[in-house]
S.K.: 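Before anything else, here's the structure in question.
Quick note: numbers below take in every heavy atom, side chains included, and nothing from hydrogens, waters or symmetry partners. Start at 1 and go down the list; that is how both ligands and their atoms are numbered. On a predicted model such as this, the values are computed, not experimentally measured, just so you know.
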Amino acid sequence: MRGLAVASPLPPAAAAARRWPRASFSGRETSTQCWKYDLSQDRSLGGSLRIGQSQGSLLRHHSTNLLRPAAGTISVEQDDINTYLPKGDMWSVHKFGGTCMGTPQRIQSVADIVLGDSSERKLVIVSAMSKVTDMMYNLVHKAQSRDDSYMIALEEVFEKHMAAAKDLLDGEDLASFLSQLHSDVSSLRAMLSAIYIAGHATESFSDFVVGHGELWSAQMLSYAIKKSGAPCSWMDTREVLVVKPSGPNQVDPDYLESENRLQKWFSRQPAEIIVATGFIASTAENIPTTLKRDGSDFSAAIIGSLVRARQVTIWTDVDGVFSADPRKVSEAVILSTLSYQEAWEMSYFGANVLHPRTIIPVMKDNIPIVIRNMFNISAPGTMICRQPANDNGDLDACVKSFATIDNLALVNVEGTGMAGVPGTSSAIFSVVKDVGANVIMISQASSEHSICFAVPEKEVAAVSAALHVRFREALAVGRLSKVEVINGCSILAAVGLRMASTPGVSAILFDALAKANINVRAIAQGCSEYNITVVLKQEDCVRALRAAHSRFFLSKTTLAVGIIGPGLIGGTLLNQLKDQAAVLKENMNIDLRVIGITGSSTMLLSDTGIDLTQWKELLRKEAEPADLANFVRHMSDNHVFPNKVLVDCTADTSVASHYYDWLKKGIHVITPNKKANSGPLDQYLKLRTLQRASYTHYFYEATVGAGLPIISTLRGLLETGDKILHIEGIFSGTLSYIFNNFEGTRTFSDVVAEAKEAGYTEPDPRDDLSGTDVARKVIILARESGLTLELSDIPVKSLVPEALASCSSADEFMQKLPSFDEDWAKQRSEAEAAGEVLRYVGVVDAVNQKGQVELRRYKRDHPFAQLSGSDNIIAFTTSRYKEQPLIVRGPGAGAEVTAGGVFCDILRLASSLGAPS
Ligand SMILES: NC(=O)c1ccc[n+]([C@@H]2O[C@H](COP(=O)([O-])OP(=O)(O)OC[C@H]3O[C@@H](n4cnc5c(N)ncnc54)[C@H](O)[C@@H]3O)[C@@H](O)[C@H]2O)c1
Ligand SMILES: N[C@@H](CCO)C(=O)O
Ligand code: NA
């Protein structure tokens, strides 16, 4: 049918003029998905013709038909029409809403957009100027409530349009518009006066009044377009668009009648550009009415369908349809395409998409709708069509968007008496219907022991009460065990057409939720699989939305970081994060935001991320008194980021004692602090058990060997089934440095001071010299290997002279240390005389379940004697590495390498949260 016009040898304008008076369609949606063109009414056509489905016959018959018309019916497969129709002379339909028509300048811009469209024929649907529809409803309201200020209000309406017209038009156009405006306002005055007298307005009176906004805006725009010399008519759609009521505040178009009327209209006014009124229509009896809610979009879709438009463009003030509410998800993106069903689903969830009703008329004709921003013409907008062309088959791309609904309650009806008993769900939902509550989602497991559904929270009390009444007996005898209400719920829905045919989508969704530590209360997925709906706690909803969105969308794996202890390691880490953040974002899609830094006296908090180029200064100037509880609350209350990590860069036992609670709250923990893993065994085991049982991560690579891969190497051995026999090494960067450099040229105390200066020592160097730091590392590795040892089980040879153990500060210790230099010089020379060196080593004896820390002497050719700087060396002897141990060696202390090790843990966390590897 559309092919008739397409293959026409006539010039386009003439073809269109001929087409419409003669085009009459019937039986358009047949069961065989055929389109039929009824030529019987077309007197210029004679005979009978049926068009086949192959390209050749289609085209041949088309041209035959046009050159030598025949009467009868043409049926063409829908797909053929799409394939063979050239787009050239088809209609382009545009719709401009009230905001687009808000001022004379905007109306002029609308005219420019229409003129810039190179389609041969354009039909432009407009709403009333912004606020005018409300003004018109207000007139009616005032008149029927006997408020005679309706006269002044009508005057304001008049003034507004007159002013706009004077700005926009001139000469004869202006005169004729104003004369029409005058005459319309007079009839409105008469109508409103009648309403005032009656104290009542019928729906059609009201519709008559209200529809004038569109009549005026359409006329103004058509004059504005004509001013540029383009042929343009305006159409009062009440003359063509016939609708019938189909429910409260709802109408259905009468396509056949509307089409007939449209043809007649075209036969009278075959212009290339037509500006038509949105929103208004008439009944079959020619009584003015409106299309009710979302009226103008609906008008555009119906008219788009009537003229078989190439495309319907809905102009608005946003760049298109977002992948999620941009107020909640800052990385939401504009979708380039959506299928009709996806748009449908999304509009249900309140996304700023078209009302589902609007989509129906164009959907049946496969006419694409494009949503575009009139204030940003460069944005291509979102195209809603049958099967988006750019669906490239990516797993991630099959979810198009996420939406949420808040303020819901779940009702759970449970009991063994439900299974296999037909009618239970019918009974439940008829109660819900009687209460008038709206069921948002339903879920029933196939065991049939429970059925749950979500309703708006404000309706749940009535639903619950009614269910208790209805099932009183069943509850009393135990056939039902409970009717339970769970308040404070939200729905998160993932929408996407290709979820249907793509395995793994729900796995990704639930994985993202699990990793954000979000509990899912109920799940529903319709058979259409356009939508997976999960019910969760309302307080988790935005976080869930962000977690799911960032997992599917491309956008970054976002991780909010809280740094505790911005000292040497913490401070170096902050600087490394500053330098690397942009690269990570660009190359790895990882978005790290430090949202808090706390030292022991002050803390700095931010909801969206601290500017790391000046964190030191900010911490000095804008900080508040430090309070660890508030700091942690700031992290856990933050709903901007789905994933959070606390990085403990202190050496504090009390900070470490909180890890368990933080992990419980779903906050990941990363630390170079050895206190937790080398503290009391029971607490350590509790922590590890929690870590294993949750999706919350606890990483501590830098606790042993700083940035060297010690923990990860050990884990790799264990997890692949190797057996640890023995771990031996130099675990202290400080002591390594000291004995590597204590070669007779400098005193022992000087070398210790150098190690401290180089940042190798613990905050208190006695922790290093006493062997405690090494013992802690031995314990950490021993426990990691499965040994259940306490720190006190490790015999430690302390290098701290007894007399200095009681020094009150690290400084005092450093001052008094030189008095022991002689003793040290002696020990060193004795070893040297024997061709040996001093080395401080730690041992994990897994076979005998023991650990040990001591100062040993090694021959000069021993690998432990070959170290330099702050090198650590760790030798793993295992079942697989039995003859030759696996050795890891390198600098094992120092700010950069340690902070680097902590940073590595942060990235390990990001990657386990879904960042690319
Ligand atoms: N220096 C290294 O080479 C190295 C290597 C591996 C591991 N580590 C570990 O890294 C951690 C930090 O070492 P560092 O050398 O940076 O020490 P540091 O003394 O320079 O820094 C510690 C910071 O933590 C702050 N702090 C202490 N208690 C706090 C509390 N309760 N709340 C908030 N802040 C607190 C301090 O004010 C200081 O700013 C230690 O656990 C250490 O064992 C250090
Ligand atoms: N003080 C420690 C830091 C690394 O844990 C050392 O010297 O090894
Ligand atoms: Na390490």
S.K.: What closest approach, in Å, do Leu789 and Gln849 show between heavy atoms, and which atom pair accounts for it?
M.R.: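 Between these two residues, the closest heavy atoms are CD2-O, 3.6 Å.
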S.K.: Looking only at distance, does Ala895 have an N or O less than 3.5 Å from an N or O of ligand 1?
M.R.: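 No; every N/O pair is 3.5 Å or more apart.
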S.K.: Where's the contact between Ala651 and ligand 1, heavy-atom distance under 4.0 Å: side chain, backbone, both or neither?
M.R.: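 Both the backbone and the side chain of Ala651 come within reach of ligand 1.
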S.K.: May I ask you to decide whether Arg908 forms a salt bridge with Asp905, counting only side-chain N to carboxylate O separations under 4.0 Å?
M.R.: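 Salt bridge between Arg908 and Asp905, a charged N being under 4.0 Å from a carboxylate O: yes.
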S.K.: Is there a donor-acceptor pair under 3.5 Å between the side chain of Lys578 and the backbone N or O of Asp611?
M.R.: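 Not at all, since once roles are kept as given, no pair shorter than 3.5 Å links the two residues.
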S.K.: Taking non-hydrogen atoms only, is Ile564 closer than 4.0 angstrom to ligand 1 via side chain, backbone, both or neither?
M.R.: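 It is the side chain that gets close, since no backbone atom is under 4.0 Å.
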S.K.: Is the contact between Asn872 and ligand 2 made by the side chain, the backbone, both, or neither, using heavy atoms and a 4.0 Å cut-off?
M.R.: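 Looking at Asn872 and ligand 2, no heavy atom falls under 4.0 Å.
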S.K.: Would you find a donor on one side and an acceptor on the other, under 3.5 Å apart, between the side chain of His862 and the backbone of Val837?
M.R.: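 No, because the side chain of His862 does not come within donor-acceptor range (under 3.5 Å) of the backbone of Val837.
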S.K.: So, Tyr659 and Asn677: side-chain donor and acceptor under 3.5 Å apart, yes or no?
M.R.: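 Side chains of Tyr659 and Asn677: no pair found under 3.5 Å.
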S.K.: Is Thr650 touching ligand 1 with its side chain, its backbone, both, or neither, if touching means heavy atoms under 4.0 Å apart?
M.R.: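 For Thr650, backbone and side-chain atoms both sit under 4.0 Å from ligand 1.
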S.K.: Using a heavy-atom cut-off of under 4.0 Å, does the side chain or the backbone of Leu735 touch ligand 2, or both, or neither?
M.R.: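 Near ligand 2, Leu735 shows nothing, with every heavy atom at 4.0 Å or more.
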S.K.: Using heavy atoms and a threshold below 4.0 Å, how should the contact between Thr598 and ligand 1 be classified: side chain, backbone, both, or neither?
M.R.: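 It is the backbone that touches ligand 1; the side chain stays farther off.
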S.K.: Is it true that atom OH of Tyr660 has more than 12 heavy atoms of other residues, nucleotides or ligands lying nearer than 6.0 Å?
M.R.: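 Above 12, so yes.
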S.K.: Among protein heavy atoms, which sits nearest to atom 4 (C) of ligand 2, and what does the distance come to when rounded to 0.1 Å?
M.R.: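 Sorting protein heavy atoms by distance from atom 4 (C) of ligand 2 puts Lys777 NZ, 3.4 Å first.
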S.K.: Should the pair Arg783 and Tyr684 be classed as cation-pi, given the thresholds of under 6.0 Å to the six-membered ring centre and 45° from the axis?
M.R.: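 Yes, a cation-pi geometry holds between Arg783 and Tyr684.
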S.K.: I'd like to know if the side chain of Asp768 reaches the main chain of Thr761, judged simply by a donor and an acceptor atom lying under 3.5 Å from each other, with no hydrogens or angles considered.
M.R.: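 Not at all, since once roles are kept as given, no pair shorter than 3.5 Å links the two residues.
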S.K.: Could you tell me whether the side chains of Ser732 and Asp773 share a donor-acceptor contact shorter than 3.5 Å?
M.R.: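 Per modelled atom types, Ser732 and Asp773 side chains form no pair under 3.5 Å.
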S.K.: Counting backbone and side-chain atoms alike, does Gly707 have an N/O/S atom under 3.0 Å from the Na ion (ligand 3)?
M.R.: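 Of the N, O and S atoms in Gly707, none lies under 3.0 Å from the Na ion (ligand 3), which means no.
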S.K.: At under 4.0 Å between heavy atoms, which part of Ala706 makes contact with ligand 2: side chain, backbone, both or neither?
M.R.: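 The answer is neither.
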S.K.: Any idea which part of Cys649 is under 4.0 Å from ligand 1, heavy-atom wise: side chain, backbone, both or neither?
M.R.: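 Only the backbone of Cys649 comes within reach of ligand 1.
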S.K.: At less than 3.0 Å, would any N/O/S atom of Gly892, backbone or side chain, sit next to the Na ion (ligand 3)?
M.R.: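 No - counting backbone and side chain alike, Gly892 has no N, O or S atom under 3.0 Å.
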S.K.: For ligand 1, indicate whether the residue Glu762 contacts it via side chain, backbone, both or neither (heavy-atom separation under 4.0 Å).
M.R.: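 The answer is the side chain of Glu762.
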S.K.: Mind checking whether Asp652 contacts ligand 1 via backbone (N, CA, C, O), side chain (CB onward), both or neither, at a 4.0 Å heavy-atom cut-off?
M.R.: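 Asp652 to ligand 1: side-chain contact only, backbone stays beyond 4.0 Å.
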S.K.: Does Val655 approach ligand 1 within less than 4.0 angstrom via side chain, backbone, both or neither, non-hydrogen atoms only?
M.R.: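 Looking at Val655 and ligand 1, just side chain atoms fall under 4.0 Å.
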S.K.: Ignoring angles and geometry beyond distance, decide whether Thr703 reaches within less than 3.5 Å of ligand 2 through its nitrogen or oxygen atoms.
M.R.: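 No; every N/O pair is 3.5 Å or more apart.
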S.K.: Which of parallel (below 30°), tilted (30 to 60°) and perpendicular (above 60°) describes Phe742 and Phe748?
M.R.: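 Rings of Phe742 and Phe748: perpendicular, over 60°.
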S.K.: Can you tell me if Ala706 has an N, O or S atom under 3.0 Å away from the Na ion (ligand 3)?
M.R.: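 Yes, since at least one N, O or S atom of Ala706 sits under 3.0 Å from the Na ion (ligand 3).
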S.K.: Would you say Gly599 contacts ligand 1, with heavy atoms under 4.0 Å as the rule?
M.R.: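 Yes, Gly599 has heavy atoms under 4.0 Å from ligand 1.
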S.K.: Any chance OH of Tyr881 has more than 12 other-residue heavy atoms, nucleotides or ligands included, within less than 6.0 Å?
M.R.: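 No, not enclosed.
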S.K.: Is Gly892 close to ligand 1, meaning an N/O of one under 3.5 Å from an N/O of the other?
M.R.: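 Looking only at distances, the answer is no, because the N/O contact criterion of under 3.5 Å is not met.
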S.K.: Among all protein heavy atoms in this structure, tell me which lies nearest to atom 7 (O) of ligand 2, with the distance rounded to 0.1 Å.
M.R.: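 That would be Thr734 OG1, 2.6 Å.
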S.K.: Is there a polar contact, in the sense of an N or O pair closer than 3.5 Å, between Leu568 and ligand 1?
M.R.: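 Between Leu568 and ligand 1 (N or O atoms, distance only) the closest approach is under 3.5 Å.
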